[in-house]
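One structure is given below, encoded as structure tokens.
In what follows, chains are A, B, ... by sequence order, proteins preceding strands, each numbered from 1.
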Amino acid sequence: MTAFENNIDITEDLIAEHGLSADEYQRVLDIMGRTPTLTELGIFSVMWSEHCSYKSSRLHLKKLPTEAPWVICGPGENAGIIDIGDGQAAIFKMESHNHPSYIEPYQGAATGVGGILRDVFTMGARPVANMNALRFGEPEHPKTRHLLSGVVEGIGGYGNCVGVPTVGGETNFHPSYNGNILVNAMTVGLADADNIFYCAAAGVGNPVVYVGSKTGRDGIHGATMASAEFTEDSEEKRPTVQVGDPFTEKLLIEACLELMQKDAIVAIQDMGAAGLTSSSVEMASKGDVGFELNLNNVPQREEHMTPYEMMLSESQERMLMVLKPGHEGEAEAIFRKWDLDFAVIGEITDTGNLTLTFDGDVVADIPVAPLTDLAPEYDRPWVPSEPKADIKAEDVAAPADLGDALLKMMGSPHLASRKWIWEQYDHMVMGDTIQRPGGDAAMVRVHGTEKGLAISTDCTPRYCYADPVQGGRQAVAETWRNITATGATPLAITNCLNFGNPERPEIMGQFVECLKGMGEACIALDYPVVSGNVSLYNETNGTGIHPTPAIGGVGLIADTSKMTTIAPKAEGEVLVLIGGGQGHLGASLYLDIIESREDGGAPEVDLDKERHYGDFVREQILGSKVSACHDISDGGLLVALTEMSLASSIGFDIDLGDNLPIHAAAFGEDQARYILSVTAAHAEQIVKDAQDENIPASILGKTQGTDLIVKGQMNIPLQQVLDLHRNWMPEYMRAEHSA
Amino acid sequence: MKARVHVTLKNGVLDPQGKAIEHALTALGFEGVNDVRQGKFIELDLAETDKDAARAAVEKMCKSLLANTVIENYSIDID
Amino acid sequence: MKARVHVTLKNGVLDPQGKAIEHALTALGFEGVNDVRQGKFIELDLAETDKDAARAAVEKMCKSLLANTVIENYSIDID
Amino acid sequence: MKSAVIVFPASNCDRDMAVALEKITGQAPQMVWHQESELPDVDLVALPGGFSYGDYLRCGAMAARSHIMKAIVDHGNQGKYVFGVCNGFQVLTETGLLPGALMRNRNLKFICKDVTLKVENNDSVFTRQYQHGQLINIPIAHHDGNYFADADTLKRLEDNNQIAVRYVDHNGEATKAANPNGSQHNIAGILNKKGNVLGMMPHPERLIEDALGGTDGRGFFESLMHSLN
Ligand SMILES: Nc1ncnc2c1ncn2[C@@H]1O[C@H](COP(=O)(O)OP(=O)(O)O)[C@@H](O)[C@H]1O
Ligand SMILES: [Mg+2]
């Protein structure tokens, strides 16, 4: 064997620093049959990190349903792919950038957006929409403003520049995120179904090509960082943060999509976490081939970079491709035109090994199959979560004044308008945003067609904490409902599973049970998982975040002229409630905001009802009988109605009856419910049709005037709600720099 | 009292702006531009009249607002 | 050869960034901040070894790209 | 109407502009890459929105110095039509085809929202389809739209009726609250002296069909068509 760059002793400390356990290191020795070089150790370390290997989660992820006739490609590739008819495909995925965003909110969030965009255009899709699911600590926490401001600016800074609209998302505040914010970004792209690109390399002798930005020493060990629990001093250590360059990303998108129109690419893979290592290993492994790379040919930004550094660098805006022989010139011309680096750095071999040379020496030579196939997989011990005691409405004090309670809720951090956020995002660029942020799901038209993609991200962490199974179901069901409320048919989901330290059995229990609930919902709703991401160790000093399985759903409407929004179109429309309920107050926002209590069980999610009621609602919308539709989620019925009023500037006059205590009727968070606003002519018929199908349906009242009226209970001007709702976040952020 | 603060990116941190300027200069026909880095230059007019006190205050301002010390260095001149 | 360029806003040109910093500093409790102006600081690494030639080249760069002379002044240091 | 849309690296409203031009004029524009040195034979050159060169250094600065710009400046100086939207407006000020500069928004944030504009000059080739003083709703989406010019320039703009559109409130008043970005005199768009070059921060190409939220943006394109007939 040739001389290895092996003058560095692989000590126990070094192994531990690389996050490998003694068992894991023994496995490395078994695979290699010798002591690994430092570069090899680095490669094993990142490939076997939680972030890349999914070692704690893989076993459970396998249980998620991933198939449906319209699924072209499920989990395992860069992103999931569904068929949206007419030879077109939607490609999407969600990913976390939690730890980097906590350390450097602007760049962390920006590079999160960059990374997820690459996952999508790698596969041949033009990105058409971005979403973001954000969780911050409590508003009073001294870091929250700074983090919120930086994250939002970073997401906007990157997405706006690349020219992909950021069309929606969700934002929560809770003390459990004080030391671990969550920044989950999702991208949806469009491709021709017959021009999709995968990462499996093939063709011995084919050139391996590096394109994009040069490699620097950015984020070395980023992947291992994302897999380690935060301690107080990791903030101090300030690991090298990656800086994003959206300008280069935009050029990379255009150059890649241009090359993809030619018959030149065998395989392509973005360099995400663990950069050159994970991209080359994945391409080789999927294709059952070897890679030989000459690291001297890697475009470098800094001097004297070592093989170790090059392999572990997480410099952004880079891609790896395998080209068909003889197409190098054609490809190079395109990348040069876009002012991007282009370098042939190696070729495919039949050895099955990842072989790296540098200055004429072999510095790593690892058999790829065992590196991936023998990656550790753990069945971590877990315990089921204690079910929280249920709370009866009778045991919760009724509000002294319903109007005051509503005002307090609508102006609270939990329900206040997120306009301050989405106004910093270009949500209209590309000219196809036909449902802007502020409604249930966002809708982007499929360019040049009448079709539309509805997109929604949701998760209610307080439910997941109270009852992981119900919470898992609910997160999936809420995206499904949001998409349904626009008239679109929900087709598939992506997810980002944010949890605490999986080595603690309670946390692992939350994970397992949330996944169980998610899986049940996916099956019941015919709504498979096609891609996703896991982020564990979101924990500081032993305090974990609320379990947060963020779900990103995508649906399709064939005729966008039938789309509904949450805004009633006129006064005098009839407000119809679809779905029943007992006024469930456990784990509700009412309890939290009005009673300052976070206890109680999560509402039950009856998946058969979800499916049945939702399908009925969609049918009414597509039958053009509905003027506006909103699902009922956070804050319950009265909050949902108020949101419809805020969107339309039309008040309402309703009767909540006296079957339930008023706070339960107004603010109970029972699931599988929608409000339809319909013309008087359709109202009776819809109620009758629903009841014929055994679906609870009732008339609440009508849209009217500029006041919000609940018979015998409340009469407040819409303007008053509007002011509180709209002003909370701008006013909160105005104090960003106060000491 | 005037304070002048230079905020520059730390060594090794990617500087997309500098790189773009470098490209543009080359495209404009300027030869021999090996590297360009862009930073910020902040001039403060302070009521403080004591040099040391001014420096100490600006030091604090840099840490808490003017520089992002995760990726940036700063230097202070007082005159 | 290194060139350092300062690009600053002309007197009378409003400076939103400077104003915002000033506000933020005051909000953070720093007292006596009378005025803040933000400019750019550009460092160039040039192949040129003659000081005068370097200055002349950078002067041209400033005029043709680095500064917008409608609103900005520039100054050049060569070392 | 024959038109061309200029594409710079990281232009990103080039397609939107092309779609609007084709939809309204019935003729697809030619897309012209910044490295070209000649323009095709067209009536209108459109400079689209986006982040040319990442908006690094100054918005529009590098684009203004790209190859194709000389031809565009000639085109404008010959009295032919040049229309810059958002980044395109920034490019036009950087080339000097339009006076002034666009600085960072007053609140330092990117702002994307619909704003109300008042058509101050409806006597230009770009605006004659609107009524004088008409209020229209058009989205803005920019980080640097804060229009600045010195006092003399502002006076000249006002005196020559070169201010095409201004940010106003629902009553048509150019108030501070209605000014989203701090622009002097609430300026949202200006014409050159001859009236053949228009630069504006709001994006009319984004509001040309009801599905997108309205059609108030069509007037600019329709005006051009009528002007040519
Ligand atoms: N971070 C964000 N970015 C963009 N839009 C957001 C963000 N957070 C919330 N929104 C938007 O605000 C609206 C309300 O959000 P949410 O209350 O989560 O909706 P729902 O309860 O219907 O899922 C939605 O249209 C959503 O897209
Ligand atoms: Mg909803």
Side chain, backbone, both or neither: which part of A:S561 has a non-hydrogen atom closer than 4.5 Å to chain D? neither

Using non-hydrogen atoms and a 4.5 Å limit, figure out which bit of D:L207 sits close to chain A: side chain, backbone, both or neither. side chain

Please check if the number of heavy atoms outside A:E330 that lie under 6.0 Å from its CD is greater than 12. yes

Taking every heavy atom of A:R445 against every heavy atom of D:A211, the minimum-distance pair comes out as NH1-CB, 4.0 Å

Look up atom SG in D:C112 and atom NZ in A:K419, then write down how far apart they are to the nearest 0.5 Å. 11.5 Å

Given heavy-atom pairs under 4.5 angstrom as the criterion, report whether the side chain, backbone, both or neither of A:I434 touches chain D. both

Is D:E205 close to chain A through its backbone or its side chain, or both, or neither, when contacts mean heavy atoms under 4.5 Å? neither

Would you check, one step at a time, whether the test salt bridge (charged side-chain N to carboxylate O under 4.0 Å, His left out) holds for D:R206 with A:D432? CA-CA 9 Å; D:R206 293 191 181 184; A:D432 284 304; over 6 Å; no

Quick one: ring-ring contact (aromatic ring centres under 6.0 Å, His included) partners of A:W420, sequence neighbours excluded? none

In terms of the angle between their ring planes, are D:Y56 and A:F247 parallel, tilted or perpendicular, with boundaries placed at 30° and 60°? perpendicular

Residue A:V162 versus chain D: region with a heavy atom under 4.5 Å: backbone

Answer yes or no for A:K337 and D:W33: cation-pi contact, defined as NZ/CZ to six-membered ring centre under 6.0 Å and angle to ring axis within 45°. yes

How many angstroms lie between atom NZ of D:K109 and atom CD of A:E423, to the nearest 0.5 angstrom? 12.0 Å

Measuring from atom CE of A:M430 to atom SG of D:C13, what distance do you get when rounded to the nearest 0.5 angstrom? 10.5 Å

Value rounded to 0.5 Å, distance of CG in D:D114 from CE in A:M428: 5.0 Å

Which of the residues D:N107, D:D210, D:D16, D:V19 is involved in the greatest number of heavy-atom pairs with chain A at under 4.5 angstrom? D:D16

In terms of heavy-atom contacts, does CD of D:Q131 have more than 12 from other residues, nucleotides or ligands at under 6.0 Å? no

Are more than 12 heavy atoms, taken from residues, nucleotides or ligands other than A:K569, located less than 6.0 Å from that residue's NZ atom? yes

From CG (D:L212) to CZ (A:R436), nearest 0.5 Å: 8.0 Å

Mark yes when over 12 heavy atoms from residues, nucleotides or ligands other than D:E38 sit less than 6.0 Å from its CD; otherwise mark no. no

Heavy-atom distance under 4.5 Å to chain D: side chain of A:Q424, backbone, both or neither? both

Among A:L251, A:D426, A:V152, which residue forms the greatest number of heavy-atom pairs with chain D at distances under 4.5 Å? A:D426

Looking only at A:H427, A:M563, A:Q435, most heavy-atom pairs under 4.5 Å shared with chain D are made by A:H427

Most chain D-contacting option - heavy-atom pairs closer than 4.5 Å, from A:T433, A:T248, A:D245, A:T560: A:D245

Measure the spacing between NE2 of D:H143 and CG of A:N160 and express it to the nearest 0.5 Å. 8.5 Å

Over all atoms of both residues, closest heavy-atom pair of D:G54 and A:C161: CA-SG, 4.1 Å

